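This structure is a prediction, so every number in the text was calculated from the model and none was measured. Side chains are part of it too, since the values below use all heavy atoms of this structure and drop only hydrogens, waters and symmetry mates.
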Amino acid sequence: MNMLRLDGKVALVTGCGGVGPGWGNGKAISVLLARQGASVFGVDLTQAAADATGDLIAAEGGVVQLHVADVTDAAQVRKMVDACMARFGRIDILINNVGRSEPGGPVEMSEATWDEQMDVNVKSAFLTCKSVLPIMEGQGGGAVVNIASVAGLRYAGKPQVAYAAGKAALMQLTQTTAVLYAARGVRLNCVVPGLMFTPLVERLADKYAGGDFDGFVARRHKQVPMGRMGDAWDVANAVLFLASDASSYITAQQIVVDGGLTAATGP
């Protein structure tokens, strides 16, 4: 038996789309779960982003239903979960993939930006768990995988205090909730990506390197002990493991996917 197969399972993936052409984390995660047999309920903030992923899954013969929602809004999250249940009747896997980084320390950053960063990076997972955990418990089990960041473990070379704090909070939200639900058959874990080469890097270069894309990319490659950034499939493969029965005795844990970055002493 292939323990990484997800046949008969329903996966709700937030942030399923991408910021442009190429493979972002949400797109790769959604496509990989579908390839492994899951029915994917893909959610994104815009229809165009969701469609880009949905079209790929459909073209490969996978099962996908798309939904547009702002997962920082409680009412929209409840409506999203209701729509997934109406379409598929169950939720076996929840992937919280939304996140966004804005520059600044406490002095430079506005209070509004801080609040928005906490909403996107932490509150979104709180809200989805609030609605989905009772469903999983009622079914007798489920797996939640939250996408954090090495920025929540150490300074990763960019002044992003709210993002770093938010991702650290997400990891502790995951761990604490995992302990609470361990005896109820629901597992919660985090995938913690390092510096990944996805379409998002171009936006980060605009925010953190004055638009110097080539220089920003070269610096990120150099930061990693393996000498290169990872990609969205590195993240997706870790997500698949934690979402599948292959990890049935793993909960309250973090898989760091970073090419050795957090173990190194460099900037």
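The two residues Ser30 and Thr53 make their nearest non-hydrogen contact at CB-CG2, 3.6 Å. Shortest non-hydrogen contact noted between Gly15 and Asn97 is O-ND2, 2.8 Å. Between Lys167 and Ser149 the shortest heavy-atom distance is CG-CB, 3.8 Å.
Residues passing the ring-ring contact (aromatic ring centres under 6.0 Å, His included) test with Trp23 are Trp233, sequence neighbours excluded. Taking Lys158 as the reference, nothing meets the salt bridge (Lys or Arg N to Asp or Glu O under 4.0 Å) condition, with sequence neighbours excluded. Applying the side chain to side chain donor-acceptor pair (under 3.5 Å) test to Ser110 and every residue at least two apart in sequence or in another chain returns Thr113. Listed by chain and residue number, Val201, Phe213, Val217, His221, Met229 satisfy the side-chain contact (heavy atoms from CB on, under 4.5 Å) test with Phe197 (two or more places apart in sequence, or in another chain).
Listed by first then second residue, pairs satisfying salt bridge (charged side-chain N to carboxylate O under 4.0 Å, His left out) with a partner in residues 228-242 number zero, not counting sequence neighbours.
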*After noting the C-alpha distance and the side-chain angles of Val68 and Thr46, does the key distance pass the side-chain contact (heavy atoms from CB on, under 4.5 Å) rule?*
CA-CA 6 Å; Val68 174; Thr46 70; 5.8 Å; no

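Screening Arg187, Arg5, Lys9 against Asp245 for a salt bridge (Lys or Arg N to Asp or Glu O under 4.0 Å) leaves a single residue, Lys9.
There is a path of hydrophobic side-chain contacts, each under 4.5 Å, that joins Val77 to Val43. Both Leu188 and Val81 are members of a single hydrophobic cluster when ILVMFWY side chains are connected at heavy-atom separations under 4.5 Å.
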Name every donor-acceptor pair, under 3.5 Å, that has one atom in a side chain of residues 60-67 and the other anywhere in the protein, sequence neighbours excluded.
unit_1, atom_1, unit_2, atom_2, d
Glu60, OE1, Arg35, NE, 2.9
Glu60, OE2, Arg35, NE, 3.4
Glu60, OE2, Arg35, NH2, 2.8
Gln65, OE1, Arg87, NE, 3.3

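Atom CE of Met136 is separated from atom CG of Asp92 by 7.0 Å, given to the nearest 0.5 angstrom. With values rounded to the nearest 0.5 angstrom, Leu94 atom CG is found 4.5 Å from Thr128 atom OG1.
Annotation: Gln76, atom CD; neighbour count of heavy atoms from other residues, nucleotides and ligands within 6.0 Å is above 12.
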